**Q** 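Below: one structure in structure tokens.
The sequence lines fix the lettering, A, B, ..., with proteins before strands; numbering per chain opens at 1. Since we're looking at a predicted model, the values are computed, not measured.
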Amino acid sequence: MTEHEYDVVIVGAGGAGMRAALESSQRAKTAVLTKLYPTRSHTGAAQGGMAAALANVEEDNVEWHVFDTIKGGDYLVDQDAAQILCEEAVQAVLDLEKMGLPFNRTTAGKIDQRRFGGHTRDHGKAAVRRACYAADRTGHMILQTLYQQCIKQDVEFFNEFYVLDLILNDDPQSAEGKDVAVAGVIAYELSTGQIHTFRAKSVIFATGGAGKVFKTTSNAHTLTGDGMALALRRGIPLEDMEFFQFHPTGLAGLGILLSEAARGEGGILRNSEGERFMERYAPTIKDLAPRDVVARAMANEVREGRGCGPNKDYVLLDLTHLEPAHIDEKLPDITEFARTYLGVEPYTEPVPVFPTAHYAMGGVPTTNNAEVLRNNHDTIKGLYAAGEVACVSVHGSNRLGTNSLLDINVFGRRAGIAAAEYALTTEGYDLPADASALVSDQVEKLRATVGGGGTERVADIRRELQATMDRNVQVFRTSESLAEAHTLVGELQARFKNIAIHDRGARFNTDLLEAVELGFLLDLAEVVILGAEHRKESRGGHYREDFPTRDDKNFMKHTMAYKTKDGIRLDTKPVVVTKYQPMERKY
Amino acid sequence: MSTADATTPVVEPLRPIRSGRSRNHAEQWSWLFMRGSGVLLLVLIFTHLFINLFSGDGVNQIDFAFVAGKWASPVWKIWDFVMLVLAMIHGGNGMRLLINDYARETWMRKTLKTLLTACVATIVVLGSLVIFTFDPCPLDASGDLLPGVPTFCEDVR
Amino acid sequence: MWMWVVHRTTGVAIFFFLVVHVLDTALVRVSPEAYNDVIGTYKTPIYGIVEAGLVAAIALHAFNGIRIILVDTWPWALKHQRALVWVVWGLFALLMIGFLPRHLSHVFGGA
Amino acid sequence: MTATAEAPTKAGEVPSFDVTLRIQRMDPDGTPDHPAGEEYWEEFTLTMHGTDRVLDALHKIKWDVDGSLAFRRSCAHGVCGSDAMRINAKNRLACKTLLKDLNPKRPITIEPIKGLPVEKDLIVDMEPFFASYREIMPFLMTSGPTPERERLQSPEERARFDDTTKCIMCAACTTSCPVFWTDGQYFGPQAIVGAHRFIFDSRDEGEWDRLEILNDKAGVWKCRTAFNCTEACPRGIEVTKAISEVKKALNTGAV
Ligand SMILES: Cc1cc2nc3c(=O)[nH]c(=O)nc-3n(C[C@H](O)[C@H](O)[C@H](O)COP(=O)(O)OP(=O)(O)OC[C@H]3O[C@@H](n4cnc5c(N)ncnc54)[C@H](O)[C@@H]3O)c2cc1C
Ligand code: HEM
Ligand code: SF4
Ligand code: F3S
Ligand code: FES
């Protein structure tokens, strides 16, 4: 075991983690712990763009952006947070440009912007060009640029360190008003199998999403919701976990994402009859409606028998009317995905697509300064969260495309500043002598299963979990489907206790870590299902066939899920409404 | 907290060059030389080979007299000299690159490079001496022409 | 990659040949007889073949050297470097077709 | 191993076939049959489908046959750069290589990328690779006051270095370069690609610092235009071209 001591420890080196590191490392002694090399983080997979009302190509303003964000999130958005997000957006984009990010340019040399789903001019009148982009690899360029700046600043990285526990000085579920603070984190070093303790005055969680609870997903294999699950296990609530975004255009059967930019650049969705069906669902902005609307429309077309292909289980994304040169310039990567993985030539053939699990709107609840909340009022001193792991909540029940790259930059920066400044004011808390006990215990137990009596395989349980989630908790949900999922996940959790792994080794034991990650996924799946069962309405990404309308009277509030000794306890938290009263959501 | 509005401190510019390695552009010159000499060598060697092996009677014509005949002309003397020097430096430099690539231990590198330099130097010196002190009509101890000298030697006498 | 291996090997081969070649030519300073003796062995069939190999090596090295120079300096050549590899082999084949029969007839016929 | 097309497939069903993977393994902790650090080959025969990639086959082994097989992966669609490996003697991304494109009739050989120390099975130590990248100062360098809005750049200026911005640092290029194999000293093509991205960025003013570094013994002049890098790059970056543009800049003194 090795012990370390830092002012600020950042867990995760995606966009949010590195943006925070840039701020924090200038102010305080900072370490970044990441289970992947920073440049492997899934921020790099983001394609379409980053929203900001720069008004470089047409009239636009922050207020319209705020409105779109709130409406897009079906009014479950905390409006003060949305205001911050959109106001700081302009500076966030300009900051990245100054760090060297190679945005696409207008002929005048300014940052170019394009259309994206749900982003409109003047409160919904027409689609607006708000997404700043670098071809269809905006996230890649953000990740690279932030990493480069981290190199410039000599940020200290601990690569391939898996954070497996969070240490607080007290129980976060203790009475309101009491001081609960962070003491540090425990990490497992992949290359040696060693356990490291990090004492820290501040800890920032930036561990990204949890898409792997689903089978069909645009998320990486490594997006197993570690940060959320760790927080949950230590008694910190999770907010709005039932809201998961299903992105309309995943490559059929594979889930690999084709950015909304494809539609932003003019791509059209068609059913088996060749009909542009979005005209029926969203007459004004058609294919550029928000993702929940489009995903549901697609799933509905397939259900009503207008799906394409031998099994009639997907629809088509048609780019054939676009100039090949235009496609090459604006959408080079995603068209290559279609070629590589489906053997489809997008210049001449429409591409088979179907909704894919994409983004967790929910997560660890935070204030607008990224401080983690342990109930509706109190923060945990020194603990911060930013990025997809967090729920501020700027996305409400449905995130608008390009608002997440914005989120990680705005709130990543805020988290970095706040964490460092707090760290400079405190001595921090000492780790207890047995701080790493839980982790070493967990690791040793798993090692001991090699060749032992365990009969269950990690992969089998994971496959069943993902299949259940896809079948029952996807675009359409009912009380029956959720109940089925609930029972199944319960069974899987029981079976998980009886697993056996193969690899006893100390070095690069990825077998062991996959088992740990499955544990996280199982915990999170339960929270997602419970939240969805409880929310008897349809809103944004959560659609209950048995309750197909939005119910502001009973459910205009955030879900808060707490893990207690007796299982998950659900509670609610009010939504912050400042200017925009809920209205019917039409596009 | 209003911390998020705090301005970002300016980052000190880094030392201009971090890499502590030597840089006297030697490798650039070597690279340019390889290309320059390559082109020249192409002309020199192909002509050389053409004359020696292809034209006339091919390889069979080569003997002392043939060499003497060629070197009677200063053009061929210079030609062969330039070719010799360029080829040896080009080849020698090429061998140096190989040594750099394959010999990992410093002592090995050093030894090989010393050997190489010695070898190239000897060959260049020896070759130049031969070309420029060449006597087409050497005499034996008794003052007679050695056998095998070109026929024109008779006239010279 | 394979052209790089070829270039390297031929370069080294030529280098060592050149060393030997200068040494034997140096014999012209010793005596015509000594020189002619050594050169005489070049005219045996075995040496004839070695000599052909040498010409082949030089030709390949030289043509490929030119290809490398072109690729380094001329964007068109860079783009079509694969085609140029075939051009190198083509030129090489042509040269050898021109040279070999004649050389071998000198070697095997004449001596 | 012969591929056996299975009994007539239903319409729309992806045909399946048998394929053998021959994987180079090494366990730093040792196994009952192999001492620590020994490199050995192991074969696995699997039934796979037409749309499956090499990564799917590796997962199938890891998940269903032998959990100790170690390799890196994350995004599974060729954007994170985790899973470069030597597949049938060529560097590729496992997640971007379809089995059916590899002639599944013959065993598919899979080795770790060459030239970096192997840590376990297909995992190599990437630190030397990233160290080279760090050394070329891969960040925008500017002088003078920071403008309030964005620095202007025309689409043409932007296009100049577009190709090299695509790099995902998978190391497929560097570890396919024969010069890098012979000599760990060489910065390797990726570092040059990384430098190229800034050298030709009209906003950057550090180009001569970087060019000086690349003018070094370990720099661009080590490149023997072997083109392996260009052929290996999964992002289709014209790596040799980028290197040649850097050489040209050094030779002409103009960027
Ligand atoms: C295919 C795709 C396309 C997208 N396109 C867009 C778009 O166009 N516009 C937009 O705005 N948004 C887009 N998004 C969403 C957006 O990219 C993500 O939400 C965002 O990048 C998340 O960033 P992050 O920093 O929170 O997490 P990530 O980038 O996922 O980083 C997570 C980090 O946490 C680390 N980590 C995780 N667990 C642990 C642990 N236990 N210990 C240590 N480290 C850990 C990982 O190593 C990693 O470094 C897209 C998402 C996907 C999947
Ligand atoms: C005939 C005309 C010749 C041409 C056009 C030529 C061209 C070249 C070029 C351009 C290179 C540099 C390759 C690179 O940097 O990648 C080179 C390398 C080399 N040349 Fe030549 N050359 C010729 C003759 C010779 C001769 C006569 C010798 C031997 C004495 C020789 C030995 C070498 C060696 C050893 C190398 C180094 C190879 C390497 O590092 O891979 N060359 N040649
Ligand atoms: S240049 Fe290509 S091969 Fe090399 S690291 Fe970058 S993406 Fe990989
Ligand atoms: S493979 Fe190596 S030699 Fe040059 S062209 Fe590529 S870096
Ligand atoms: S897994 Fe990300 S590139 Fe292959």
Side-chain angles (χ1 to χ4, degrees), chain B residues 31 34-39 41-43 45-46 48-50 53-68 71 80 83-84 87-88 90-92 94-95 97-98 101 116 119-120 122-124 126-131 133-138 140 145-150, chain C residues 7-40 42-44 47-48 51-52 54-55 58-59 61-66 68-70 72-73 95 98-100 102-111:
Chain B
W31 187 88
M34 287 310 264
R35 271 129 255 263
S37 59
V39 174
L41 278 171
L42 182 81
V43 178
I45 294 185
F46 272 65
H48 174 82
L49 288 178
F50 181 79
L53 295 183
F54 195 74
S55 65
D57 206 9
V59 68
N60 293 335
Q61 68 194 333
I62 300 180
D63 59 10
F64 184 83
F66 176 80
V67 177
W71 283 351
D80 281 8
M83 188 165 75
L84 169 77
M88 281 322 287
H90 175 103
M95 293 301 285
L97 296 174
L98 258 101
D101 278 1
L116 178 69
C119 173
V120 170
T122 324
I123 297 292
V124 170
L126 182 69
S128 326
L129 277 177
V130 170
I131 296 173
T133 64
F134 179 70
D135 175 1
C137 309
D140 63 13
L145 282 172
L146 283 170
V149 297
Chain C
H7 198 79
R8 224 170 219 198
T9 359
T10 53
V12 174
I14 304 169
F15 179 79
F16 283 114
F17 169 81
L18 193 65
V19 171
V20 175
H21 183 55
V22 172
L23 286 178
D24 67 47
T25 307
L27 290 175
V28 295
R29 273 303 281 147
V30 180
S31 76
E33 243 167 35
Y35 180 71
N36 287 347
D37 273 359
V38 175
I39 288 298
Y42 280 17
K43 299 172 187 174
T44 63
Y47 252 87
E51 193 127 67
L54 177 78
V55 170
I58 294 185
H61 185 91
F63 291 150
N64 190 53
I66 297 298
I68 294 173
I69 296 172
L70 288 180
D72 274 328
T73 49
L95 189 110
F99 169 77
L100 271 187
R102 207 180 148 108
H103 176 71
L104 292 182
S105 77
H106 286 318
V107 171
F108 292 98

**Q** Which atoms form the tightest heavy-atom contact between Phe46(B) and Ala59(C), and what is the distance?
**A** CZ-CA, 3.9 Å

**Q** Which bit of Met34(B) is near chain C, if near means a heavy-atom gap under 4.5 Å: side chain, backbone, both or neither?
**A** neither

**Q** For a 4.5 angstrom cut-off between non-hydrogen side-chain atoms, does Val19(C) reach Val120(B)?
**A**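 They are not in side-chain contact.
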
**Q** Can you measure from CD1 (Ile45(B)) to CD1 (Ile14(C)) and round to the nearest 0.5 angstrom?
**A**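 If I round to the nearest 0.5 Å, the distance is 7.0 Å.
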
**Q** Should the pair His90(B) and His61(C) be assigned to parallel (<30°), tilted (30 to 60°) or perpendicular (>60°) ring geometry?
**A**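 The arrangement is perpendicular - the two ring planes meet at more than 60°.
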
**Q** Do you know which two heavy atoms are closest between Arg35(B) and Ile68(C), and how far apart they sit?
**A**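 Closest pair (atom of Arg35(B), atom of Ile68(C), distance): NH1-CG2, 3.3 Å.
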
**Q** Output the distance between atom CZ (Phe15(C)) and atom CG (Leu98(B)), rounded to the nearest 0.5 Å.
**A**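 Answer for the CZ-CG pair, Phe15(C) versus Leu98(B), is 10.5 Å.
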
